[in-house]
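One structure is given here, and the rest of the page talks about it.
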Amino acid sequence: MNFVEELRWRGMIHDLTPGTEEYLSKGMGTAYVGIDPTADSLHIGHLVSVMILKHFQQCGHKPIALVGGATGMIGDPSGKSLERNLLDETTLRHNQEAIKKQLSRLLDFESDAKNAACLVNNYDWMKELSFLGFIRDIGKLITVNYMMAKDSVKKRFEGDGEGMSFTEFTYQLVQGYDFVHLFETMECKMQLGGSDQWGNITTGTELIRRKLGAEAYGLTCPLIKKADGTKFGKTESGNIWLDARYTSPYKFYQFWLNTSDEDAKSYIRIFTMLGREEIDALIAEQDAAPHLRPLQKRLAEEVTCMVHSRGEWEKAVEASQILFGGSTAEALRGLDEETLLAVFEGVPTFKVAASDIDGANFVDFMVEKAPVFPSKGELRKLIQGGGVSLNKEKVEDAARAISSADLIAGKYLLVQKGKKNYYLIVAE
RNA sequence: GGGGGAGUACCAGAGUGGCCAAAUGGGACAGACUGUAAAUCUGUUGGCGCACGCCUUCGGUGGUUCGAAUCCAUCCUCCCCCA
């Protein structure tokens with residue numbers, strides 16, 4: 001299978017250096033992607049790079065994931081208008097470990113195959129490097145003029161921003177040096193990344209050309225966009241993380257399920273390994289029966305299974321059916337405690353004393369005892385607009401009281417704000 | 001150093017003595033419609049015992065006035081022009 005061809009039909013190529021296809025056609029190639037360890041979990045923005053590595057590996061090449069322990073300490077100025085905050089070493093170490101764990105579930109690091117994936121941390125070689133050594137061996141090879149011509153740098157010199165520190169200016173050289181190092185030690189001749197990395201990648205290939213007199217290659221993928229122009233991978237509640245502690249598998253599943261038709265058509269090519277025929281068939285199915293959303297369902301299934309597990313996917317589907325499948329108050333009451341908790345895992349939960357329940361006024365209770373809503377006025381207005389439900393039944397009267405008879409399984413209250421926002425109240 | 005302008009709710013932006021809890025647009029939230037979509041339409045968007053009542057808000061402070069976002073003084077911040 002041809003890697004470049006594969007990415008091309010999936011719409012995952014933004015730019016590539018000349019000679020890339022030829023290099024990869026000569027047998028097993030090696031390429032790396034850099035990942036900034038700014039948090040102790042990857043988010044779905046990282047997923048694109050990981051998918052590229054996955055394809056790379058599937059096409060018989062050797063992928064390397066580079067955790068940027070050193071570069072993370074500097075901060076990539078690309079796409080940033082302000083100087084970045086630096087991370088301390090302890091945090092970085094912790095983040096690196098967590099990211100390693102996540103990556104190892106997505107790529108094959110274990111097998112004996114020649115092209116098993118590999119994980120490196122640039123801190124391991126950067127920490128040995130002396131400042132003097134660096135400016136002698138690397139700094140000499142590149143002119144400031146060349147570095148200034150990069151978009152990521154130019155932007156910081158013009159217009160808004162607040163200037164750029166020497167540290168960030170040097171970033172591209174440091175990242176370029178990674179490439180040189182991997183080229184020399186692992187025969188890694190290619191770097192992959194998002195389109196914002198193009199400048200950094202070409203600095204690397206340039207360094208390799210000047211220092212080693214050798215050819216190296218780069219490929220970038222377009223930044224993922226949503227059809228409505230808003231930012232991909234963010235919701236009101238923030239980033240979508242791969243770590244279940246930050247984004248529950250249910251939320252994760254829901255995120256993909258809720259993509260628009262248009263986006264789903266491109267996402268399914270980018271975020272799943274499904275083949276061309278299968279995807280074309282799904283798209284045809286979607287066009288024939290859009291309300292059934294076969295595309296979104298399949299997309300959500302594939303990605304959730306890949307990132308979490310089939311078991312988590314099944315739970316997410318089950319939870320979705322209970323939450324959105326037109327279930328009634330009776331169905332809700334029919335649930336046993338265990339299922340209930342599983343379904344509402346990750347839903348904001350409030351604990352109250354059981355003695356506070358009986359006879360309490362609904363509005364007062366929801367603001368004072370279990371602060372689901374920030375103010376009584378807002379809650380009243382929502383109730384008037386028909387936007388609040390208790391145990392799947394619309395709250396009609398703002399003055400209604402609650403009692404222990406409202407408790408599900410003797411200790412839970414399920415409050416809904418609108419259709420999608422659930423809150424669980426536990427009486428203890 | 002000289003001259004001019006501006007700071008209003010989440011954002012943008014009206015208002016320049018009482019009719020201002022403050023136009024309008026965007027955003028956000030909710031309702032209807034739907035496919036848990038998009039588009040559209042509707043409502044809400046300072047707090048409180050909420051249908052015309054009270055309290056806190058228009059950069060800070062202090063004043064004038066029966067009454068101030070609006071007038072005066074002063075301080076702070078930002079922008080523009082000239083040197």
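Protein chains get the first letters and strands the later ones, always in sequence-line order, with residue 1 at the start of each.
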List, one per line, each side-chain donor-acceptor pair under 3.5 Å for residues 362-376 of chain A, sequence neighbours excluded.
residue, atom, partner, partner atom, Å
Asp364(A), OD1, Lys376(A), NZ, 3.2
Glu368(A), OE2, Lys376(A), NZ, 2.7
Ser375(A), OG, Glu378(A), N, 3.1

For RNA chain B, the dot-bracket pattern of Watson-Crick and G-U pairs whose distances stay under 3.5 Å, | for other-strand partners: ((((((((.[[[..)..(.....]]]((((((.......))))))(((....)))...[[[[[..)....]]]]]))))))).
Sequence neighbours excluded, the answer for side chain to side chain donor-acceptor pair (under 3.5 Å) partners of Arg105(A) is none
Among residues at least two apart in sequence or on other chains, which ones pass side chain to side chain donor-acceptor pair (under 3.5 Å) with Asp397(A)? none
What residues form a side chain to side chain donor-acceptor pair (under 3.5 Å) with Asp108(A), not counting sequence neighbours? Ser111(A)
Quick test of your reading of the model: are Arg8(A) and Glu21(A) salt-bridged, counting only N-O distances below 4.0 Å? yes
Using residues 273-284 of chain A as the side-chain source, report each donor-acceptor pair under 3.5 Å to any protein atom, sequence neighbours left out, with the distance given to one decimal.
residue, atom, partner, partner atom, Å
Glu278(A), OE2, Arg298(A), NH1, 3.1
Glu278(A), OE2, Arg298(A), NH2, 2.9

Pairs where residues 349-361 of chain A contributes a residue and the test side chain to side chain donor-acceptor pair (under 3.5 Å) is met, not counting sequence neighbours: Asp358(A)-Ser404(A)
For RNA chain B, the residues among residues 360-376 of chain A that have a non-hydrogen atom under 4.0 Å from it: Ser375(A), Lys376(A)
Can you name the salt bridge (Lys or Arg N to Asp or Glu O under 4.0 Å) partners of Glu314(A), sequence neighbours left out? none
The correct set of residues in residues 381-389 of chain A placing a heavy atom under 4.0 Å from RNA chain B is Lys381(A), Leu382(A), Gly385(A), Gly386(A), Gly387(A)
Check the interface with nucleotides 20-26 of chain B: list each N/O to N/O pair with the protein under 3.5 Å, or write none.
none

What residues, two or more places apart in sequence or in another chain, satisfy side chain to side chain donor-acceptor pair (under 3.5 Å) together with Asp261(A)? Gln296(A)
